[in-house]
S.K.: 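Once you've had a glance at the structure underneath, I'll fire off some questions.
Positions are given from 1 along the sequence. Note: hydrogens, waters and symmetry copies are ignored here, and every other heavy atom, side chains too, is used. Numbering of ligands and ligand atoms starts at 1, following listing order.
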Amino acid sequence: MATDKPYILAGVMGWPVAHSRSPAIHNHWIRHYGLNGSYVLLPVQPERINDAVRGLRALGFAGCNITIPHKVAAMPLVDRIDPLAARIGAINTVVAEPDGTLAGYNTDAYGYIQSLLDAQPDWRADAGPVTVLGAGGAARAILVALAERGAREIRLCNRSLDKAQALASEFGAPIRAVPWEQREEALEGCALLVNTTSLGMKGQAPLDIALDRLPRHALVSDIIYVPLETPLLAAARQRGHATVNGLGMLLNQARPAFQHWFGVMPEVTAELRRLVEATL
Ligand code: ATR
């Protein structure tokens, strides 16, 4: 261990959090870049999130990731919210600033876009209409990310139409709510299809959608990473679509957080992918 370097401590607050892959990712980078520090699990019950976040500085943490169920509850506990995180309405990263304050960020939008660019370096948000399935917490970061990158039309389909409508009116153009029953029509002319629902996850029913109307050039992305290939991605691959699974978003959202705490923008390498895939 490089003892001449300052010891930097970070972690992930969640409940439950034992399944988190974040320690494997960040501790790999700490080793890889020859840094001195550690990234630990911080199991925090919902009723203790206030004390836990406010206690970060006293414990000497450079900051932490915030995961389910604390991403919204932690927002009022930090001193400053990054504008992108404010727009998304959730934070996944807390940074203890040198001036003694805590800042909240959301790196999920970055992670999602970067996962598409890793798969298709010339990917563009304005290549054509986008269909987003699901209007839960995960969809918010993706909708903001796609809108910020210049998507011109986002068709947001959700089982509960009212939730899609609420997001469409909160975020405004280019998002339009589409009833769940019209999810196949929505694929007409699309350049990107994104699944943000939990359908297709291990232990859940698969997503029920025929891809016949989706143009062959469309990219199909699923933010699920267990399994790495959901039934949606398998069906898309069989039709010849390029596909992107959720592992890239998981790995890439960790990069700017690591940079905030450790001062190095780390790379997503094949070695890191293999290491995390082995835990799935
Ligand atoms: P997350 O934070 O991962 O987005 P969430 O907020 O619970 O989790 O959202 C889950 C998403 O999956 C929602 O869009 C949900 O649809 P509803 O808003 O109608 O609940 C969607 N979802 C879950 N089960 C579903 C099902 N059986 N059919 C269609 N959509 C489903």
Side-chain angles (χ1 to χ4, degrees), residues 12-17 19-22 44 46 49 65-75 84-93 104-113 115 130-147 154-171 175-187 192-211 220-228 230-233 235 244-254 280:
V12 55
M13 268 183 208
W15 186 266
V17 77
H19 64 279
S20 172
R21 272 79 184 186
S22 292
V44 173
I49 186 66
N65 281 128
I66 301 284
T67 190
I68 292 167
H70 306 312
K71 286 184 174 192
V72 177
M75 289 184 85
L84 182 70
R87 196 151 174 239
I88 293 169
I91 57 173
N92 75 338
T93 302
Y105 295 88
N106 192 312
T107 65
D108 287 333
Y110 170 87
Y112 179 66
I113 297 296
S115 76
V130 178
T131 294
V132 175
L133 303 174
R140 298 183 63 96
I142 285 167
L143 291 167
V144 170
L146 292 169
I154 301 176
R155 303 165 183 169
L156 177 60
C157 294
N158 195 51
R159 175 180 60 181
S160 316
L161 181 61
D162 56 334
K163 281 203 222 165
Q165 284 167 334
L167 283 188
S169 60
E170 180 182 338
F171 293 141
I175 300 163
R176 183 165 57 84
V178 175
W180 188 243
E181 299 67 38
Q182 290 171 24
R183 61 195 180 281
E184 290 170 358
E185 287 104 295
L187 303 180
L192 173 67
L193 165 64
V194 191
N195 175 45
T196 77
T197 75
S198 47
L199 296 170
M201 202 180 276
K202 187 177 172 194
Q204 300 264 345
L207 179 63
D208 176 21
I209 189 168
L211 299 179
V220 179
S221 118
D222 200 322
I223 64 163
I224 291 168
Y225 55 89
V226 183
L228 277 175
T230 57
L232 169 69
L233 292 190
V244 180
N245 63 39
L247 184 59
M249 180 175 174
L250 173 73
L251 299 175
N252 280 293
Q253 60 78 30
L280 301 180

S.K.: What protein heavy atom lies closest to atom 23 (C) of ligand 1? Include the residue and the distance to one decimal.
M.R.: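 Checked against all protein heavy atoms, atom 23 (C) of ligand 1 sits closest to S198 OG, 3.5 Å.
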
S.K.: Pick out which of L156, I154, V144 makes a side chain to side chain contact (heavy atoms under 4.5 Å, CB included) with F171.
M.R.: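 Between F171 and the candidates, side chain to side chain contact (heavy atoms under 4.5 Å, CB included) is satisfied uniquely by V144.
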
S.K.: Return the minimal non-hydrogen interatomic distance between P227 and G200, and the atom names on each side.
M.R.: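 Looking at all heavy atoms of both residues, the shortest contact is CD-O, 3.4 Å.
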
S.K.: Do any nitrogen or oxygen atoms of G137 lie less than 3.5 angstrom from nitrogen or oxygen atoms of ligand 1?
M.R.: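 So ligand 1 has an N or O lying under 3.5 Å from an N or O of G137.
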
S.K.: Say whether G134, considering both its backbone and side-chain N or O atoms, lies within less than 3.5 Å of an N or O atom on ligand 1.
M.R.: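 By distance alone, the answer is no.
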
S.K.: Classify the contact between R159 and ligand 1 as side chain, backbone, both or neither, using a heavy-atom distance cut-off of under 4.0 Å.
M.R.: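 Under 4.0 Å from ligand 1, R159 contributes backbone and side-chain atoms.
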
S.K.: Heavy-atom distance to atom 28 (N) of ligand 1: which of T197, N195, L199, T196 wins?
M.R.: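 Among T197, N195, L199, T196, the closest heavy atom to atom 28 (N) of ligand 1 belongs to L199.
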
S.K.: Please work out which of G136, A135, P69 has its closest non-hydrogen atom nearest to atom 9 (O) of ligand 1.
M.R.: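 Nearest option to atom 9 (O) of ligand 1, by heavy atoms: G136.
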
S.K.: Which atoms of ligand 1 are found less than 4.0 Å from any heavy atom of W180?
M.R.: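 Atoms satisfying the 4.0 Å criterion: 29 (C).
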
S.K.: Just wondering, are more than 12 heavy atoms of other shown residues or ligands nearer than 6.0 Å to CD1 in I68?
M.R.: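 12 or below, so no.
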
S.K.: For atom 4 (O) of ligand 1, which of S160, A138, A164 has the closest heavy atom?
M.R.: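 Closest candidate by heavy-atom distance is A138.
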
S.K.: Would you kindly say whether N92 and T107 are connected by a side-chain donor-acceptor distance under 3.5 Å?
M.R.: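 Result is yes, a qualifying pair exists.
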
S.K.: Counting heavy atoms only, which of I142, I68, N158 is nearest atom 18 (O) of ligand 1?
M.R.: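 The nearest heavy atom belongs to N158.
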
S.K.: Does one side chain, of S22 or N65, offer a donor that lies under 3.5 Å from an acceptor on the other?
M.R.: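 There is no such pair (donor and acceptor under 3.5 Å, judged by atom type) between the side chains of S22 and N65.
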
S.K.: Quick one: which ligand 1 atoms are inside 4.0 Å of a heavy atom on K163?
M.R.: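 Ligand 1 atoms under the 4.0 Å threshold to K163: 17 (P), 18 (O), 20 (O).
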
S.K.: Give me the atom names and distance for the closest heavy-atom approach of N158 to W180.
M.R.: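 Nearest pair, atom of N158 first, then W180: O-CB, 3.5 Å.
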
S.K.: When I224 is tested against each of M249, Q204, M201, K202 for side chain to side chain contact (heavy atoms under 4.5 Å, CB included), which residue passes?
M.R.: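 With I224 as partner, M249, Q204, M201, K202 yield a single side chain to side chain contact (heavy atoms under 4.5 Å, CB included), made by M201.
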
